[in-house]
Amino acid sequence: MNTDDKLAALLREHGRSYAEEAGITLRDKPAPLYQLLVLAVLCSTRIKADIATDAARELFRLPLRTARATATTDWQTIVDALGRAHYRRYDESTATALLEGADVVLRRWRGDLRRLREEADGDPARVRELLREVPRIGPVGAGIFCREAQGLWPELRPFFDERALDAATSLGLPSTAGGLARLVAPGELPRLASALVRAGLKH
């Protein structure tokens with residue numbers, strides 16, 4: 001199987017981004033960027049990705065789609081929503097992290113993560129550093145955000161974390177971020193990166 005066939009098979013089986021799975025229509029606007037941050041928080045615990053995306057959908061139905069909406073929601077309502085998505089063991093601590101995180105986003109960037117981007121001034125490492133000011137967001141969570149947001153913020157491209165690169169190597173695809181980026185259009189990078197992560201988790 002040549003590279004084109006391997007790529008087509010990968011995207012056919014796994015080519016849905018985690019943001020899409022969570023019902024987020026990503027645009028460079030405050031609400032969808034905040035929703036992506038929420039998803040990154042939810043994915044930052046030892047919990048299955050499909051449960052995290054289900055939990056995101058449940059929160060967005062409340063609807064907790066902005067930092068302001070989250071900050072004005074009571075803790076128990078968030079805990080209950082996480083419970084409905086079977087987000088167990090971490091529901092209470094995650095509800096606390098989401099409320100504290102909403103406060104950080106409002107206080108630091110007035111609810112608009114595009115201001116975080118401006119503060120980073122085109123430096124991807126600085127974007128990841130600033131994201132880590134949000135409770136529960138560590139290297140993994142910051143990586144998840146950047147993986148999905150690279151379709152919107154060109155300075156993040158190409159972003160493939162270690163799991164994606166390992167999966168690419170095992171599938172016989174290019175093993176560097178630059179090599180993988182040459183396989184698809186810039187707007188397709190989040191799909192490819194997510195597909196590789198999913199493939200790696202499956203195997």
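Sequential numbering from 1 along the given sequence is applied to the chain's residues.
How far OG1 of T96 is from OH of Y90: 15.0 Å, rounded to the nearest 0.5 Å. Here S194 contributes atom OG and R147 contributes atom CZ; the two are 4.5 Å apart, rounded to the nearest 0.5 Å. Separation of atoms CD (E148) and SG (C43) is listed at 8.5 Å; rounding is to 0.5 Å. Atom CD1 of I78 is separated from atom CG of L64 by 5.5 Å, given to the nearest 0.5 angstrom.
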Would you be so kind as to tabulate the donor-acceptor pairs closer than 3.5 Å made by side chains of residues 171-184, with sequence neighbours excluded?
unit_1, atom_1, unit_2, atom_2, d
T176, OG1, G179, N, 3.0

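A 4.5 Å side-chain heavy-atom check between L33 and L152 finds at least one atom pair inside the cut-off. Side-chain atoms of L165 and L196, non-hydrogen and from C-beta on, never get closer than 4.5 Å to each other. Considering only heavy atoms from C-beta on, F145 stays 4.5 Å or farther from I137 through its side chain. Side-chain contact between D103 and E100 is absent, with no heavy atoms from C-beta onward closer than 4.5 Å. Proximity of R117 to E155: side-chain heavy atoms (C-beta onward) are separated by under 4.5 Å at one or more points.
A salt bridge between R126 and E129 is present, with a side-chain N of the basic residue lying under 4.0 Å from a carboxylate O of the acidic one. A salt bridge is defined here as a Lys NZ or Arg NE, NH1 or NH2 lying under 4.0 Å from an Asp or Glu carboxylate O, and D112 with R114 meets this definition. Using a cut-off of 4.0 Å between Lys/Arg side-chain N and Asp/Glu carboxylate O, E13 and R198 are scored as not salt-bridged. Between R61 and E58, at least one side-chain nitrogen of the basic residue sits less than 4.0 Å from a carboxylate oxygen of the acidic one, meeting the salt-bridge criterion.
For R27, the side-chain contact (heavy atoms from CB on, under 4.5 Å) test picks out K29, P32, with sequence neighbours left out.
Hydrophobic clustering (side-chain heavy atoms under 4.5 Å, transitive across Ile, Leu, Val, Met, Phe, Trp, Tyr) keeps L37 apart from I144. Tracing side-chain contacts under 4.5 Å through hydrophobic residues (I, L, V, M, F, W, Y), one reaches L62 starting from L42; they form part of the same cluster. In this structure, L11 is a member of the same hydrophobic cluster as F160, with clusters built from ILVMFWY side-chain heavy atoms closer than 4.5 Å.
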